[in-house]
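Below: one structure, written as structure tokens.
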Amino acid sequence: MKKVLFITQEIIPYVKSSQMAIAGREIPQGVQENGFEIRTFMPRWGNINERRNQLHEVIRLSGLNIIVDDSDHPLIIKVASIQPARMQVYFIDNDDYFYKRQMLNDENGNEYTDNTERAVFYARGVLETVKKLRWTPDIIHCHGWISSIVPLFLKEAYQDEPTFQNAKIIFSAYDEMPQITPAENFPRAIAFRNVNLKKIAEKGIDLSKPESLGQLAAAYADGIIFSTQNEELQHFAENNGKEFIHCEGNKENVPNIIDFYNKVCGE
């Protein structure tokens, strides 16, 4: 039985309906119903009602301090279940990055200035938690800007970790991908373990540009699913020799997504 790790930005019913939130619910559910074992992660955004959605902390997984640009940030892991889908969802939480904070923008519509830091914390939080779970995925499927640094970390910072050594990485790109403005400290924040900033620049990625998050995901993933038309990112993926498909993230397309998994895995 193949194992698929979903590192997701949004899932219904925890946040309001959107293209990505539907994908976050329907793709893992459909993949699981097709005989795969899954684990699913998302951020514990500040607009999630913990009581209504019955989130509770997993003490044995919480407590790790993650350093982002020389600052310590405690990792808190919570969990909840979507009973109709028989899905368990792990939530990455931290008071600095998620408590009382929305997703991309604040209540006034202004983009959070530390979104790139939040993405770094989320990526490392998920990967460290999966290691603690002692669960070895065959496929890691990332969704949205908050997961865009995961492929880089898997290929450069965690490449010697037995948990992830054989995993193939899929990234799903959505509408808002190019809109994130990197913070000034973004290069320092991602310079973790063996991450080489010079190597990133050689791939044509300028970490000061809004498109850099999408380019990082495309450059280091093994395959890309475009859920929207993004000619610039598709051109970048083609130049980097990446497998890709155009496919809406919904239950009707689960067979196509599984076929793409198998193609990327060489089966």
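All values below come from the heavy atoms of this structure, side chains included, with hydrogens, waters and symmetry mates left out.
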task: Could you tell me whether D138 and K2 have a side-chain N and a carboxylate O separated by less than 4.0 Å?
output: no
field: Enclosure of H235 NE2 (heavy-atom neighbours >12, cutoff 6.0 Å)
entry: no
- prompt: Residues in salt bridge (Lys or Arg N to Asp or Glu O under 4.0 Å) with R44, at least two apart?
  reply: E50, D93
- request: Rounded to the nearest 0.5 Å, what's the gap from OH on Y14 to CE on M42? Could you check?
  value: 8.5 Å
message: For D72, give me all partners under side chain to side chain contact (heavy atoms under 4.5 Å, CB included), at least two apart in sequence or on another chain.
response: N65, I67
field: Partners meeting side chain to side chain contact (heavy atoms under 4.5 Å, CB included) with P13 (sequence neighbours left out)
entry: R25, N53, I82
- prompt: How many angstroms lie between NE2 in H246 and CD1 in I224, if you round to the nearest 0.5 Å?
  reply: 10.0 Å
query: According to a 4.5 Å side-chain heavy-atom criterion applied to Ile, Leu, Val, Met, Phe, Trp and Tyr, with indirect links allowed, do I140 and L133 form part of one hydrophobic cluster?
result: yes
query: Can you tell me if N250 and N253 form a side-chain donor-acceptor pair at under 3.5 Å?
result: yes
Hydrophobic cluster identity match, V58 and Y99, side-chain contacts under 4.5 Å: no
message: For the CD1 atom of I22 and the CD atom of E248, what is their distance to the nearest 0.5 Å?
response: 9.5 Å
- line: Only residue of D222, I169, L216 satisfying side chain to side chain contact (heavy atoms under 4.5 Å, CB included) with P151 is I169
task: Please check if the side chain of S227 supplies one atom and the backbone of C247 the other of a donor-acceptor pair under 3.5 Å.
output: yes
message: Keeping N94 on the side-chain end and L75 on the backbone end, is there a donor-acceptor pair under 3.5 Å?
response: no
message: Which residues pass the ring pair (Phe, Tyr, Trp, His ring centres under 6.0 Å) test with Y261, not counting sequence neighbours?
response: H141
Exercise: identify the closest heavy-atom pair between N256 and I245: O-CD1, 4.3 Å
- request: List in chain and number order the residues that pass ring pair (Phe, Tyr, Trp, His ring centres under 6.0 Å) with F236, two or more places apart in sequence or in another chain; answer none if no residue qualifies.
  value: none
task: Could I get the full list of salt bridge (Lys or Arg N to Asp or Glu O under 4.0 Å) partners for K199, not counting sequence neighbours?
output: E156
- request: Locate the shortest heavy-atom distance separating P182 from F186; write the atom from each residue and the value.
  value: CB-CD2, 3.6 Å
Gap between atom CG of L104 and atom CG of N110 - 0.5 Å precision: 10.5 Å
task: Is it possible for you to say whether I38 and V79 belong to one hydrophobic cluster, with membership spreading through side-chain heavy-atom contacts below 4.5 Å?
output: yes
- request: Give a yes or no on whether the backbone of L55 and the side-chain of K78 come within a donor-acceptor separation of less than 3.5 Å.
  value: no
- line: Tightest non-hydrogen contact, residues P187 and A183, listed as CD-O, 4.5 Å
- prompt: Which residues pass the salt bridge (Lys or Arg N to Asp or Glu O under 4.0 Å) test with D206, sequence neighbours left out?
  reply: K209
message: Which heavy atom of A219 sits nearest to which heavy atom of K242, and what is that distance?
response: O-NZ, 3.0 Å
task: Step through the shown structure and confirm whether more than 12 heavy atoms of other residues, nucleotides or ligands are within 6.0 Å of CD on E231.
output: no
message: Rounded at 0.5 Å granularity, tell me how far CG in N166 sits from SG in C265.
response: 10.5 Å
message: Measuring only between side-chain heavy atoms, which start at C-beta, is V31 closer than 4.5 Å to F6?
response: yes
query: Would you say the side-chain atoms of E10 and Q19 include a donor-acceptor pair closer than 3.5 Å?
result: no
- line: Between I48 and P43 the two heavy atoms that sit nearest each other are CD1-O, 3.7 Å
message: Tell me whether Q32 contacts the main-chain N or O of M87 through its side chain, where contact means a donor paired with an acceptor under 3.5 Å.
response: no
- prompt: Within a reach of under 6.0 Å around CD of E252, are more than 12 heavy atoms found that belong to other residues, nucleotides or ligands?
  reply: yes
- prompt: So, S212 side chain and S208 main chain: donor-acceptor pair closer than 3.5 Å or not?
  reply: no
query: If Ile, Leu, Val, Met, Phe, Trp and Tyr residues are connected whenever their side-chain heavy atoms lie under 4.5 Å apart, and connections chain through other members, are L207 and V195 in the same group?
result: yes
- prompt: Which residues satisfy the side chain to side chain contact (heavy atoms under 4.5 Å, CB included) test with D114, sequence neighbours excluded?
  reply: Y97, R101, Y112, E117, R118
field: Residues forming a ring pair (Phe, Tyr, Trp, His ring centres under 6.0 Å) with F41, sequence neighbours excluded
entry: Y90
message: Would the distance check show the side chain of S147 and the main-chain N or O of G144 forming a donor-acceptor pair, the cut-off being under 3.5 Å?
response: yes
message: Could you report the tightest heavy-atom contact between N108 and D106, atom names first, then the distance?
response: N-OD1, 2.9 Å
message: Quick check against the 3.5 Å criterion: does N185 have a side-chain atom that pairs as donor or acceptor with the backbone of A189?
response: no
field: Any pair counted as ring-ring contact (aromatic ring centres under 6.0 Å, His included), so long as it reaches residues 44-68, sequence neighbours left out
entry: W45-F98
message: For the CD atom on Q54, are there more than 12 heavy atoms of other groups (residues, nucleotides or ligands in this structure) within a distance under 6.0 Å?
response: no
- prompt: Mind checking what makes salt bridge (Lys or Arg N to Asp or Glu O under 4.0 Å) contact with K263, not counting sequence neighbours?
  reply: E243
field: Heavy-atom side-chain contact between P162 and T136 under 4.5 Å
entry: no
message: Using the side chain to side chain contact (heavy atoms under 4.5 Å, CB included) criterion, which residues pair with R193? Sequence neighbours excluded.
response: E128, K131, A157, Y158, E161
field: Any side-chain heavy-atom pair of K132 and I77 under 4.5 Å
entry: no
- request: Give, for atom CD1 of I76 and atom CG of L64, the distance between the pair rounded to the nearest 0.5 Å.
  value: 11.5 Å
